[in-house]
Amino acid sequence: MTTAIGIPILFGILLLPIYTVIVGFLLGEPRDFRTAGIGLGVMVAMAIFMIASTAMMGVVFGRITPF
Amino acid sequence: MATKTDGVLDPLRTISTKFIALVAVLGIAALITAEAIIHQLRHGLAVTDLASWGTQEGVTWGLYIGTFEWFAGMAVGSIAVVGYIRYRELTRYDVIARIGELWGLIAGLSAAYLIVIDLGRPDRVLNILTAWVVTVQYSPLAWDVTFVTALLVMTSTMLILSLRRDFSEMDHDSLPVYTAIIGQVLTAGYRPAEREKLDSMLRWLGLALLILAFTGGMVPGWLLGVVGAQAGWYGGIAGVSFLAGGLLSGVAAIALIAGLMRYLYDWETVIPTDVLVGLGKGLTLFGFVYLVILFNELLPSIFPMAPLAESRIGEAMLYGHFATDFWLAMAAIAIPVLVLAVFRERMLASGTELAVAGAIMLWGVFVKKQLTVIEPLMYPSGLPYEVGSYVPTLVEWVITIGAILIAILLFTIATKLVPMGGLTDTQSSTTEVNT
């Protein structure tokens, strides 16, 4: 059970706001998939930026750390 | 009659010598911090006073993690405020929402930065990323990384989309060239027809931020609350306690910034008195709730039936080495709560009193966060270890205080780059306030 608890926490709690945004943007009135797409695109771009910049930082620090 | 439009763009149009001096001082502080980080990178965590239990008689987490909890809490409180304002479409609080968006993002980044600093070898973030698929199944630390990432992504999305709406209503030629360029980028492809949809999306995003604050916002508390082997941390109230402290510190930070900006830019119409009163009510409520939760957290450990390990920590908290810090922190929260509750209207007529109350409460939460993390670690339970000690080194103080000053520097610069509110609905918003 210890190892299983993370899955419901991830999908049932931590990702709730993401579901809200996706459903709200796409199905919320007025329907406008172009603007919703821009909003979701911004969110995906920011997610990629945050994760990629963290990874890049790890690589750079790995090169300059003297041990 | 002055309107909100008269002043909300003032920070963009003026760069005073005081501003330049402030940026210069904070910039020097950032350079000194960078030097301390390089020093720690060269010599490792040996330059800190962090140490193992047992023969080293130390604590494994110190100022860095305590300050992480403080920043993470402020980020949670800030996004809760932003979420509420955007979801309820409280246009009078537009500037407060922008302050919250910027500070929530900066506080989230500062929290993430302190975690990396505490790793000792920052390249280990690669291990966190590559092992995430496995560790998220059982590790609260992986949940915390997920939460902080979600917070940064959603707060930055809120900032970008709300700026897109604000910039779409502005004449870019009247803005400084760098702000105009940001405006051009953020309004790329904008069509007036999308305005109504953008309003709706900001409402949904506000709801999502509220959900994130009240669910994921408990995760940094769980980091301590699930550690069954550590008396003083373990327990079901840790997540709620973190959330309550976060809501208080987030509102306190926003109140401090709002009060200062109102004073600096004569923003009597941009941040009217009733908005200050609203923030004051928030501080009073969240301060009181936080105190109630802290009392519930502490009581079982000082009751005569408490297990030995728990009672050692409870008594140390109240009467031990750090008791003065504990009681001062409690006073720094309780006294402003009392004063705000009694003298609310008179006290909040100008923003400066609110800013002072916010600063004092922020300091109180900062100290309590340090004690929550550090003090239990000094009392290892279940093993015959001596009571540990911890005296942060100069490097730790420089990096920690530097993190705070760098956050202030980033916010200060941001006020000169992006508008602190929109021009939309200004007239109705001002009318609404005046009536």
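Remember, it's a predicted structure, so these values are computed and weren't measured experimentally. Within every chain, numbering begins at 1; the chains are lettered A, B, ... in the order of the sequence lines, protein sequences first and strands thereafter.
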Where does B:T146 contact chain A at under 4.5 Å (heavy atoms): side chain, backbone, both or neither? side chain
Please state whether the side chain, the backbone, both or neither of B:L152 comes within less than 4.5 Å of a heavy atom of chain A. both
Heavy-atom distance under 4.5 Å between the side chains of B:S162 and B:R98, does that happen here? yes
Parallel under 30°, tilted from 30 to 60°, perpendicular over 60°: which one fits the rings of B:W143 and B:W222? perpendicular
Can you confirm whether B:V76 sits close enough to B:M218 that some side-chain heavy atom of one is under 4.5 Å from a side-chain heavy atom of the other? no
Quick one: are B:Y190 and B:L198 in side-chain contact, heavy atoms under 4.5 Å? yes
Quick check for you: among A:M50, A:R34, A:E29, which has the greatest number of heavy-atom pairs under 4.5 Å with chain B? A:R34
When B:E196, B:E194, B:M201 are compared by non-hydrogen pairs under 4.5 Å with chain A, the top option: B:M201
With a 4.5 angstrom heavy-atom cut-off, which part of A:I38 approaches chain B: side chain, backbone, both or neither? side chain
Interchain contact, A:A45 with chain B, by part (heavy-atom threshold 4.5 Å): neither
How about B:L151 and B:L212: do any of their side-chain heavy atoms sit closer than 4.5 Å? yes
Please answer whether the main-chain N or O of B:R165 pairs with a side-chain N or O of B:S168 as donor and acceptor at a distance below 3.5 Å. yes
If one checks every heavy atom of B:V219 against chain A at 4.5 Å, the contacting part turns out to be side chain
Pick from B:R124, B:M154, B:R203: which one has the most heavy-atom pairs with chain A under 4.5 Å? B:M154
So, A:Y19 side chain and A:F11 main chain: donor-acceptor pair closer than 3.5 Å or not? yes
Counting heavy-atom pairs under 4.5 Å with chain B, the top scorer among A:T20, A:I51, A:T35 is A:T35
Of all of A:T54, A:I9, A:V44, A:I18, which one pairs up most often with chain B through heavy atoms under 4.5 Å apart? A:I9
